[in-house]
Amino acid sequence: MKACLVSASELYTLRNLVLRPGKPLHTTFYEKDHDKNTFHLAISIESKAKCIATFYPEKMDGVYSQKAYRLRGMATHPNFRRKGLGKDLMQSAFTHLLQQQADLLWCKARLVAIPFYRSLGFQIMGEQYDIEGIGPHYTMYKLLT
């Protein structure tokens, strides 16, 4: 399936369901959601976003790059997991990022997501840490070439 560019507001409901369950919707708003260089991708089924992610320029400490992007808010609806949507969305993202001359993509990955990111060529950087109210994470990155 092909991912399409969407507005930030089209992501909030799914972000809330998957990433901030039981928390207020505003906890899913990111500071850079509306920046001019931010882009949001979604794979929709029956006009509803089922797999989403947000990307924006942000340097990563510890890995050299000319133009790094950060991945945030990646989520797949629970009823649509393990069907290849995440992989398809990320393939679209890699294409879009290369068009933006990005050379690095990084994220803060929940433990449950590490095998997925590894399957896409991401590597772990540093030690495990806890994000308050969310849980344990690792920082992961992928060089884009």
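On a predicted model such as this, the values are computed, not experimentally measured, just so you know. Nothing fancy with the numbering, it's 1 onward along the sequence.
Looking only at side-chain heavy atoms (C-beta outward), Lys50 and Ile43 stay at 4.5 Å or farther from each other. Residues Tyr117 and Met74 meet the side-chain proximity criterion, which asks for heavy atoms closer than 4.5 Å. For the pair Met125 and Met60, the minimum side-chain heavy-atom distance is below 4.5 Å. Using a 4.5 Å heavy-atom cutoff, the side chains of Val63 and Leu143 are in contact. Using a 4.5 Å heavy-atom cutoff, the side chains of Thr76 and Val18 are not in contact. In this structure the side chain of Cys51 never reaches within 4.5 angstrom of the side chain of Phe80, judged on heavy atoms. Looking only at side-chain heavy atoms (C-beta outward), Leu97 and Leu105 come within less than 4.5 Å of each other. Considering only heavy atoms from C-beta on, Phe94 comes within 4.5 Å of Leu144 through its side chain.
Residue Ile134 is found in a hydrophobic cluster whose other members, listed by chain and number, are Tyr129, Ile131; membership requires side-chain heavy atoms under 4.5 Å apart, directly or through intermediates.
Considering every non-hydrogen atom in both Leu41 and Ser92, the closest pair reads CD1-C, 4.2 Å. Considering all non-hydrogen atoms of both residues, Tyr30 and Gly73 come closest at OH-CA, 3.2 Å. Minimum heavy-atom separation, Ala42 to Ile52: CB-CG2, 3.9 Å. Closest non-hydrogen pair, Tyr138 versus Gln128, comes out as CE2-N, 3.2 Å. The two residues Asp130 and Gly135 have their closest heavy-atom pair at OD1-C, 3.0 Å. Nearest heavy-atom pair, Asn16 versus Pro24, reported as atom, atom and distance to 0.1 Å: ND2-O, 3.6 Å.
Taking the six-membered ring wherever Trp is involved, the centroid distance between the rings of Tyr69 and Tyr56 does not fall below 6.0 Å.
Every pair passing salt bridge (charged side-chain N to carboxylate O under 4.0 Å, His left out) that includes a residue from residues 68-80 is listed here, sequence neighbours excluded: Glu58-Arg70.
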message: Show, in sequence, the C-alpha distance, side-chain angles and deciding distance for Asp103 and Lys142, and conclude whether the salt bridge (Lys or Arg N to Asp or Glu O under 4.0 Å) test is met.
response: CA-CA 9 Å; Asp103 60 355; Lys142 177 181 173 74; over 6 Å; no
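Applying the side chain to side chain donor-acceptor pair (under 3.5 Å) test to Gln66 and every residue at least two apart in sequence or in another chain returns Tyr64. In this view, Thr13 satisfies the side chain to side chain contact (heavy atoms under 4.5 Å, CB included) rule with no residue, not counting sequence neighbours. Under the side chain to side chain donor-acceptor pair (under 3.5 Å) criterion, Ser7 pairs with Ser9, Glu10, sequence neighbours left out. Taking His96 as the reference, Leu5, Phe39, Gln99, Gln100 meet the side chain to side chain contact (heavy atoms under 4.5 Å, CB included) condition, with sequence neighbours excluded.
Met140 pairs with exactly one of Leu120, Leu71, Ile124 by the side chain to side chain contact (heavy atoms under 4.5 Å, CB included) rule, that one being Ile124.
No continuous path of hydrophobic side-chain contacts links Leu11 to Leu25 [ILVMFWY only; heavy atoms under 4.5 Å]. Leu89 and Leu14 fall into different hydrophobic clusters, where Ile, Leu, Val, Met, Phe, Trp and Tyr side chains are chained together by heavy-atom contacts under 4.5 Å. Phe55 and Tyr141 fall into different hydrophobic clusters, where Ile, Leu, Val, Met, Phe, Trp and Tyr residues are linked whenever their side-chain heavy atoms come under 4.5 Å apart, directly or through other members.
The backbone N or O of Thr28 sits nowhere less than 3.5 Å from a side-chain atom of Lys23 that would complete a donor-acceptor pair.
Between Arg15 and Thr54, the side chains place a donor N or O and an acceptor N or O closer than 3.5 Å (distance only, hydrogens not considered).
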